[in-house]
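Values below: all heavy atoms of this structure, side chains included; hydrogens, waters and symmetry mates excluded.
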Amino acid sequence: MKLILLGPPGAGKGTQAQRLVEKHGIPQLSTGDMLRAAVKAETEVGKRAKAVMDAGELVSDEIVNAIVAERIDQDDCAKGFILDGYPRTLAQADAVADMLAERGLHLDVVIELVVDDKALVGRILKRAEEAQAAGQPVRKDDNAEVFEERLREYYKKTAPLIGYYYANDLLKQVDGMADMDDVTAQIEAVVAEVTH
């Protein structure tokens with residue numbers, strides 16, 4: 001099962017990806033984690049990424065795509081994987097389609113967590129308050145200004161993927177504002193539908 005979780009920051013993609021990992025035994029591929037792992041392992045593409053990051057620049061699509069391609073060739077991805085936070089742009093979506101086609105693979109489904117932006121801001125602020133109350137560090141993006149900037153960035157660059165995957169008959173939508181367990185149940189229903 002190869003799937004993408006799509007939705008704005010704070011939609012619950014990370015939480016739902018972890019639940020899919022536990023239930024289906026397939027890895028969650030987060031570009032941030034993959035970048036750090038490639039840099040640590042000092043792979044060729046990892047060295048290129050490190051040079052760019054050390055210079056304080058954003059890693060190019062070419063490098064990110066190469067890291068994803070390298071990662072999906074690893075043994076633990078044989079049964080499938082969950083892409084989380086990637087692709088972020090139409091160019092990256094084309095790259096995913098190409099890298100899968102080169103391996104005789106295809107995406108099974110793209111699941112969009114549909115959410116209410118105004119409620120999301122409240123959800124993020126609540127998460128920050130709960131972290132503070134528990135004496136845990138508050139994520140730097142858990143404040144309204146930073147979050148709204150990330151939301152604008154999502155709608156500018158990533159939201160066009162919704163139409164892209166809909167046109168390719170891969171998009172399924174779930175109510176991301178439902179209770180966490182309900183969202184999981186909706187996702188599992190979609191997974192069951194596309195894998196049987």
Side-chain angles (χ1 to χ4, degrees), residues 1-34 64-65 67-120 122-124 127 150-151 153-196:
M1 174 179 59
K2 291 161 288 303
L3 67 92
I4 292 173
L5 290 178
L6 201 55
K13 298 183 298 296
T15 300
Q16 296 302 332
Q18 273 314 112
R19 290 179 171 201
L20 284 162
V21 167
E22 286 162 25
K23 176 150 191 204
H24 299 280
I26 58 173
Q28 170 189 4
L29 307 185
S30 145
T31 45
D33 294 344
M34 286 186 279
V64 174
N65 296 342
I67 283 174
V68 173
E70 202 173 72
R71 180 67 183 89
I72 64 174
D73 285 336
Q74 292 175 11
D75 293 344
D76 65 338
C77 290
K79 287 193 333 198
F81 48 82
I82 304 154
L83 287 173
D84 167 23
Y86 175 90
R88 286 182 195 264
T89 63
L90 291 169
Q92 287 179 350
D94 285 336
V96 169
D98 292 344
M99 74 177 71
L100 290 175
E102 284 165 15
R103 291 158 176 79
L105 304 171
H106 64 276
L107 278 174
D108 291 300
V109 68
V110 176
I111 300 175
E112 179 195 4
L113 278 72
V114 180
V115 291
D116 173 319
D117 296 343
K118 294 279 179 268
L120 270 191
R123 193 187 268 185
I124 292 295
R127 184 167 73 185
R150 288 182 62 209
L151 212 48
E153 190 72 3
Y154 170 80
Y155 281 110
K156 205 184 313 176
K157 294 185 175 165
T158 308
L161 294 177
I162 297 165
Y164 174 94
Y165 286 119
Y166 178 80
N168 286 294
D169 205 25
L170 284 167
L171 187 76
K172 300 283 183 195
Q173 296 177 312
V174 300
D175 176 7
M177 297 311 294
D179 169 81
M180 206 183 295
D181 293 335
D182 288 346
V183 176
T184 301
Q186 291 177 65
I187 290 173
E188 286 303 336
V190 168
V191 168
E193 181 190 321
V194 299
T195 55
H196 293 299

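- Between Arg71 and Asp76, at least one side-chain nitrogen of the basic residue sits less than 4.0 Å from a carboxylate oxygen of the acidic one, meeting the salt-bridge criterion.
- Residues Leu100 and Ile72 have side chains in contact (heavy-atom distance under 4.5 Å, counting atoms from C-beta outward).
- With a 4.5 Å cut-off on side-chain heavy atoms, Val109 and Leu170 do not count as touching.
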Going through the checks in order, is the side-chain contact (heavy atoms from CB on, under 4.5 Å) test met by Leu83 and Ser30? CA-CA 6 Å; Leu83 287 173; Ser30 145; over 6 Å; no
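- Interatomic distance, CZ of Arg88 versus OG1 of Thr158, reported as 6.5 Å (0.5 Å rounding).
- Counting only distance, with no hydrogens or angles, the side chain of Asp116 and the backbone of Lys118 share a donor-acceptor pair below 3.5 Å.
- With values rounded to the nearest 0.5 angstrom, Leu5 atom CG is found 8.0 Å from Gln28 atom CD.
- Within a 6.0 Å sphere centred on OH of Tyr166, heavy atoms belonging to other residues, nucleotides or ligands number 12 at most.
- At a cut-off of 3.5 Å, with distance as the only test, a side-chain donor of Asn65 or Tyr86 sits close to an acceptor on the other residue.
- Crowding of Asp169 atom CG: a count of heavy atoms from other residues, nucleotides or ligands under 6.0 Å not exceeding 12.
- Closest heavy-atom contact between Val21 and Pro27: CG2-C, 4.2 Å.
- With hydrogens and angles ignored, the 3.5 Å screen pairs a side-chain donor or acceptor of Asn168 with a backbone N or O of Tyr164.
- A pairwise comparison of heavy atoms in Tyr165 and Pro87 identifies OH-CG, 3.5 Å as the closest pair.
- Counting only heavy atoms from C-beta outward, the side chains of Leu120 and Pro9 never approach each other to under 4.5 Å.
- Remark: Lys79 NZ to Lys2 NZ distance equals 12.0 Å, nearest 0.5 Å.
- Taken to the nearest 0.5 Å, the CD1 atom of Ile4 stands 7.5 Å off from the CG atom of Leu161.
- Ion pairing of Lys23 with Glu188 is present here, as a side-chain N (NZ or NE/NH1/NH2) and a carboxylate O approach within less than 4.0 Å.
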Given side-chain contact (heavy atoms from CB on, under 4.5 Å), test Val191 with Leu3 step by step and report yes or no. CA-CA 9 Å; Val191 168; Leu3 67 92; 4.1 Å; yes
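- The pair Arg19-Asp181 meets the salt-bridge criterion, since a charged nitrogen lies less than 4.0 angstrom from a carboxylate oxygen.
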What do the steps show when you test Val96 against Val68 for side-chain contact (heavy atoms from CB on, under 4.5 Å), and what is the final call? CA-CA 9 Å; Val96 169; Val68 173; 5.6 Å; no
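- Residues Met180 and Gln16 have side chains in contact (heavy-atom distance under 4.5 Å, counting atoms from C-beta outward).
- A heavy-atom distance below 4.5 Å is not found between the side chains of Val183 and Asp179.
- A donor-acceptor pair under 3.5 Å is formed between the side chain of Gln186 and the backbone N or O of Asp175.
- A distance of 13.5 Å separates NZ in Lys13 from CD1 in Ile82, rounded to the nearest 0.5 Å.
- In this structure, Leu20 and Ile26 have side chains that are not in contact, with every pair of non-hydrogen atoms separated by 4.5 Å or more.
- Atom CD1 of Ile67 and atom CD of Glu70 lie 7.0 Å apart (nearest 0.5 Å).
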